[in-house]
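Notes for the one structure printed next.
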Amino acid sequence: MNERSRERWRKFKSNRRGFYAFILFCVILAFVSAAGFIANDKPLVVRYDGGWYFPVFREYPETTFGGKFKTAADYRDPYVQNCINKKGFFIMPPVPFSYDTINYNLPSPAPSAPGRENRLGTDDLGRDVLARLIYGTRSSLFFGLILTALSSAIGIFAGAVQGYFGGKIDLFAQRFLEIWGSLPQLFVLIIVSSIIAPGFWTLLFVLLLFSWTALVPVVRAEFLRARNFDYVKAAYAMGTPDFVIIFRHVFPNAMVATLTYLPFILSGAVVSLTALDFLGFGMPAGAPSLGDLVRQGKENLQAPWLAASAFVSLAFLLTVLVFIGEAVRDAFDPRKNK
């Protein structure tokens, strides 16, 4: 790490709100990444008749634990639990429900209020809200991170080519961006949803078609400015290939402006997926998502824990991302005092 990078890191840490938000975001990302070990209807480990079994990694038939059926064991079934306890023990995750597990032993009709078993209550199908919140946050963050990475790569490349070569390439590309940016994204998604069953990768592809343009103006402006620097002209005069000049000599200057936008692009991706899920054009039915929780909160006003869980989680996640974006912006701002 050179002196300039250390100074930027120092500026980033000096913004306490953004720095702690970054640490909190890393903790949240690590937490939801281990969702299968935190919220699951299968035990983490089973000790039975001298053997060790790990149902979170592998499916075992009921007969493995002394049951009668050769189908996959239902570890929430009291009969299976008694069979295991006769010759061993099992350890369940902290949240003994997966995102699609239906609790058939509710004290009241679904959606049921928060209690000892379902800490944040259940939705209208009897599924645990906390488990769906964990898995839904994981889906939103992974979707946002992948979309941010892909759209940034395409946008940076397009903006670099535009800004460096200029001329007719820049002129025609700008006209294309004006036309492409005027297309209604929601209508395109509705058309795609009517042809192809919506899913994680389908939504990612469709949103990528429109989100890559966000960084193009920023990178293009940086390249238009930097291509006239003396060291760039010297490298060109020495016969250095254009793409070597672009990515080795000019691109580091554009990265300063690019990095400040990434947290905001990530938050926009999370909001986009949530909005599509809320409108019914997002993830498939039954898939865990924050937008589905928002929709259920709207449809079940008599169950305020649904709307409260969705609102608090979304507001908290987006606030963390905005704080990180502010800290990154301050770290790369040369006008900030050292």
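Nothing here was measured: the structure is a model prediction, and the numbers come from that model.
Rounding to the nearest 0.5 Å gives a distance of 11.5 Å between CD1 of I84 and OH of Y79. In this structure, CZ on R17 lies 10.0 Å from OG1 on T319, to the nearest 0.5 angstrom. Going from atom CG of L147 over to atom CD1 of I265 covers 9.0 Å, rounded to the nearest 0.5 Å. Between atom CG of residue N300 and atom CG of residue D123 there is a gap of 8.5 Å, rounded to the nearest 0.5 Å. Atom OG1 in T64 sits 6.5 Å away from atom OH in Y53 (nearest 0.5 Å). A distance of 11.5 Å separates CZ of F22 from CG of L321, quoted to the nearest 0.5 Å.
Under the 4.5 Å side-chain criterion, counting only non-hydrogen atoms from C-beta, L318 is in contact with S267. Side-chain atoms of P43 and I91, non-hydrogen and from C-beta on, never get closer than 4.5 Å to each other. The shortest distance between side-chain heavy atoms of C83 and E62 does not fall below 4.5 Å. With contacts defined as side-chain heavy-atom distances shorter than 4.5 Å, the pair L133/L120 qualifies. You'll find the side chain of V46 stays beyond 4.5 Å of the side chain of W52, heavy atoms only.
Follow the hydrophobic side-chain contacts under 4.5 Å out from F251 and you never reach V244; the two are in separate clusters. Follow the hydrophobic side-chain contacts under 4.5 Å out from L273 and you never reach V312; the two are in separate clusters. In terms of hydrophobic clustering, with Ile, Leu, Val, Met, Phe, Trp and Tyr side chains grouped at heavy-atom distances under 4.5 Å, V322 and L24 are assigned to different clusters. No chain of hydrophobic side-chain contacts below 4.5 Å, direct or via other Ile, Leu, Val, Met, Phe, Trp or Tyr residues, connects Y60 to L44. F316 and V129 fall within the same hydrophobic cluster, where Ile, Leu, Val, Met, Phe, Trp and Tyr residues are linked whenever their side-chain heavy atoms come under 4.5 Å apart, directly or through other members.
Applying the ring pair (Phe, Tyr, Trp, His ring centres under 6.0 Å) rule to Y135 yields the partners Y99; only residues at least two apart in sequence or on another chain are considered. Remark: F57 pairs with F37, F54 by the side chain to side chain contact (heavy atoms under 4.5 Å, CB included) rule, at least two apart or across chains. Partners of N103 under the side chain to side chain donor-acceptor pair (under 3.5 Å) rule, at least two apart in sequence or in another chain, are E117, N118. Remark: I246 pairs with A160, Y164, F165, F223, F243 by the side chain to side chain contact (heavy atoms under 4.5 Å, CB included) rule, at least two apart or across chains. Taking the ring pair (Phe, Tyr, Trp, His ring centres under 6.0 Å) definition, one finds that F264 meets it with nothing, sequence neighbours left out. In terms of the side chain to side chain contact (heavy atoms under 4.5 Å, CB included) criterion, residue partners of S33 (sequence neighbours excluded) are, by chain and number, L29, F142. Considering only residues two or more places apart in sequence or on other chains, F19 meets the side chain to side chain contact (heavy atoms under 4.5 Å, CB included) condition with W9, F12, K13, I23. Among residues two or more places apart in sequence or in another chain, the side chain to side chain donor-acceptor pair (under 3.5 Å) test is passed with Q174 by Q162. For F90, there are no ring pair (Phe, Tyr, Trp, His ring centres under 6.0 Å) partners at least two apart in sequence or on another chain.
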What side-chain donor-acceptor pairs closer than 3.5 Å can you find for residues 197-216, not counting sequence neighbours?
unit_1: S211; atom_1: OG; unit_2: L207; atom_2: O; d: 3.0
unit_1: W212; atom_1: NE1; unit_2: L209; atom_2: O; d: 2.8
unit_1: T213; atom_1: OG1; unit_2: F210; atom_2: O; d: 3.0

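Within a 6.0 Å sphere centred on CZ of R58, heavy atoms belonging to other residues, nucleotides or ligands number 12 at most. For N228, the CG atom sits in a packed shell: over 12 heavy atoms of surrounding residues, nucleotides or ligands are nearer than 6.0 Å.
Across all their heavy atoms, S309 and W305 have their closest contact at OG-O, 2.7 Å. The nearest pair of heavy atoms linking V80 to A73 is CG1-CB, 4.4 Å. Considering every non-hydrogen atom in both V56 and G36, the closest pair reads CG1-O, 4.2 Å.
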For this session: May I have the step-by-step check of side chain to side chain contact (heavy atoms under 4.5 Å, CB included) for K233 and M238, ending in yes or no?
Result: CA-CA 9 Å; K233 293 181 178 179; M238 294 174 62; over 6 Å; no
For this session: I would like to know whether T63 and F69 meet side chain to side chain contact (heavy atoms under 4.5 Å, CB included); could you show each step before the answer?
Result: CA-CA 6 Å; T63 53; F69 300 104; 5.8 Å; no
Exercise. Between L290 and T137, is a side chain to side chain contact (heavy atoms under 4.5 Å, CB included) present by the stated rule, with each step listed?
Worked result: CA-CA 7 Å; L290 298 178; T137 303; 3.8 Å; yes
Problem set entry | Verdict with reasoning, K11 to D330, per side chain to side chain contact (heavy atoms under 4.5 Å, CB included) | CA-CA 7 Å; K11 287 183 180 180; D330 293 344; 6.0 Å; no
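With 3.5 Å as the limit, one finds a donor-acceptor pair spanning the side chains of S112 and T122.
Under the 6.0 Å cut-off for aromatic ring centres, F89 and Y48 do not qualify, their centroids lying 6.0 Å or more apart.
Legend: salt bridge (charged side-chain N to carboxylate O under 4.0 Å, His left out) pairs involving residues 200-227, not counting sequence neighbours, sorted by first then second residue: D170-R220, E222-R225. Sorted by first and then second residue, the salt bridge (charged side-chain N to carboxylate O under 4.0 Å, His left out) pairs with a member in residues 292-315 read R132-D292, D292-R295, R295-E299; sequence neighbours excluded.
For D277 (side chain) and M283 (main-chain N/O), a donor-acceptor pair under 3.5 Å exists by modelled atom type. No donor-acceptor pair under 3.5 Å is formed between the side chain of R329 and the backbone N or O of L259.
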